[in-house]
Amino acid sequence: METTQTDPDTETTRPADNEAAVGVEVEGLRKSFGDTEVLHDINLSIKPGEIFVIMGPSGSGKSVLLKTIAGLETPTKGRVTIAGHDIAERGSREKVHMALVFQAGALFNSMTVFDNLALYPTEHRLHGRKEIEKKVMDALGILSLEDARDKMPSELSGGMKKRVAIARALVMEPQLMLYDEPTSELDPIMGATISEVIADLRQEVGLTSIVVSHDRDLSLTIADRVAILMDGNLLAVDTPDKVRNSDNPVINDFLNPVIDVNNPRFKQKKAAS
Amino acid sequence: MKKQVTEILDDVGSAAVLVFRSMAYTPKVFGNWNRFIEQCHLIGYTTLPIVAILSFFIGSVLALQTGYALVNLGGETFIGAIVGLSMARELAPVMVAILLAGRVGSAITAELASMKVYNEIDALVTMNIPPERMLVMPRLLAALAMMPVLTIIGNVIGWIGGAVVCQYVTFIGVSTEVYFQSLKSVVTFKDVMDGVIKAEIFGFLVILIACNTGLRTKGGPREIGSSVTRAVVVSLITILVLDYFITRALM
Ligand SMILES: Nc1ncnc2c1ncn2[C@@H]1O[C@H](COP(=O)(O)OP(=O)(O)O)[C@@H](O)[C@H]1O
Ligand SMILES: [Mg+2]
């Protein structure tokens with residue numbers, strides 16, 4: 001890693017401290033790969049400082065939606081604006097600071113855990129070296145990862161990679177956090193910790209968070225609103241209570257699947273088709 | 001057929017965009033100094049042994065062939081000139097470029113393709129760290145810095161290889177002095193420079209093709225392998241086809 005010469009007086013402060021939290025608008029969003037449309041006309045309005053949870057069966061398009069919001073996939077139709085900036089425009093990344101926790105972590109495999117976390121503040125010369133080290137160790141501490149600081153990603157378990165990815169996003173101190181299934185692969189305690197971290201960030205710095213998750217505890221306790229995405233359509237966008245007590249049988253079955261050994265689902269499907 | 005043509009055009013177009021985007025970050029090389037040095041080490045230092053060995057043997061076999069052809073005609077005094085010119089103008093730059101494609105280009109494509117497939121590139125983009133700045137620019141500049149060094153070392157070792165053969169192969173029996181005299185009387189500074197220019201162009205293109213192919217990889221781990229193959233094949237074709245035109249232009 002290269003050295004940063006940062007004068008303590010001119011040290012850049014974290015974006016989230018001095019900039020208001022950002023809202024996200026998704027308007028008429030469609031996304032196709034080749035001939036198959038994966039997202040059908042999605043409209044969402046996420047308020048600044050909100051914790052917005054997206055739930056849905058696997059393959060329903062949650063990751064694609066998240067990547068499109070992050071500007072990593074270009075919409076086939078419609079647009080995504082964050083704090084008023086169209087994310088498809090070059091240069092919008094200078095204006096909105098976001099972090100995305102990828103489903104599989106997406107750690108830099110050629111760097112140690114420490115360097116993974118230190119890359120962003122170092123590249124953007126946000127703090128002096130001492131300060132960066134402190135922030136990195138703090139983030140590792142929150143996720144109980146101090147011992148992993150000098151390990152390479154290949155030496156970590158799946159759950160540890162996920163935690164490092166979350167720690168890496170924390171160090172970025174963004175205005176908008178996107179999490180793709182942050183608690184899958186984690187044990188229940190660690191899952192609860194992540195939920196607490198997400199809720200705490202909103203309280204401390206008013207961070208806007210969009211969380212894709214199957215974790216019912218996480219969704220129903222910390223979410224301000226929950227969206228249910230099925231086959232690329234939004235079935236519901238509402239407060240956790242309303243979604244939980246929805247009278248839509250599809251949503252009900254998704255949130256509270258009953259395991260019926262005598263009438264298994266996979267046999268029902270066969271009979272229907 | 002139509003698909004292949006659009007694919008080639010896509011490759012060329014994206015490579016052109018990549019050149020502009022990454023070279024626009026050239027002033028940032030000092031902020032990426034460690035990466036630049038690391039790439040120089042990778043390109044220069046690790047390729048050097050194989051460049052040395054191969055150029056020695058190419059120089060030797062060139063002397064052997066020309067010696068075999070010329071000795072009976074009484075032309076042994078030309079051996080130095082022929083080996084000297086061929087190495088400097090043609091064989092050293094082409095050989096270094098081919099080794100670069102096989103040794104370094106393939107590794108770069110594999111690394112970047114794996115970063116792409118495992119979302120590391122996407123992670124860089126969301127961090128607002130352009131991959132062109134962090135990954136491509138230092139490699140292109142390192143290629144420009146190291147190709148002249150490798151080529152000139154290849155020249156010198158190739159010339160020495162020729163001298164050794166001339167001296168010790170009995171049916172040739174040209175002394176080292178005569179050999180180098182002949183070489184010096186023909187090979188000019190411009191010949192060496194022409195070779196270096198060639199090497200610069202080849203080296204730059206090889207690394208560009210490697211980076212571009214790697215970053216354009218789509219799909220899963222299996223595609224990493226096919227990207228590497230593709231990058232090496234495209235590099236070799238580019239080197240050999242372009243060689244003619246650059247040679248012609250430099251005459
Ligand atoms: N790059 C891609 N190319 C083609 N199809 C894709 C691509 N990414 C995702 N898909 C398809 O989009 C659909 C939604 O995928 P995804 O968003 O990953 O689902 P999930 O809700 O489980 O995260 C799937 O049917 C998947 O096959
Ligand atoms: Mg997913």
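Chain A is the first sequence line, chain B the second, and so forth, proteins listed ahead of strands; every chain is numbered from 1.
- When heavy atoms are compared at a cutoff of 4.5 Å, A:Phe102 approaches chain B solely by way of its side chain, counted from C-beta outward.
- Of the residues considered (B:Glu120, B:Met134, B:Glu111, B:Arg133), B:Glu120 shows the highest number of contacts with chain A, using heavy-atom pairs under 4.5 Å.
- No more than 12 heavy atoms of other residues, nucleotides or ligands sit less than 6.0 Å from atom OH of B:Tyr118.
- Heavy atoms of B:Leu124 lying under 4.5 Å from chain A belong to its backbone as well as its side chain.
- Each of A:Asn109, A:Leu100, A:Val101 has some count of heavy-atom pairs under 4.5 Å with chain B, and the biggest count is that of A:Asn109.
- Using a 4.0 Å cut-off between charged nitrogen and carboxylate oxygen, B:Arg35 and A:Glu123 count as a salt-bridge pair.
- Both the backbone and the side chain of A:Glu94 come within contact range of chain B, each with at least one heavy atom under 4.5 Å from a heavy atom of that chain.
- More than 12 heavy atoms of other shown residues, nucleotides or ligands fall within 6.0 angstrom of atom NZ in B:Lys190.
- Heavy atoms from other residues, nucleotides or ligands lying under 6.0 Å from CZ of B:Phe20 number 12 at most.
- Looking at A:Leu107, only its backbone comes within 4.5 Å of chain B, counting heavy atoms on both sides.
- Between A:Asp180 and A:Lys67 there is no salt bridge, since no side-chain nitrogen of the basic residue lies less than 4.0 Å from a carboxylate oxygen of the acidic one.
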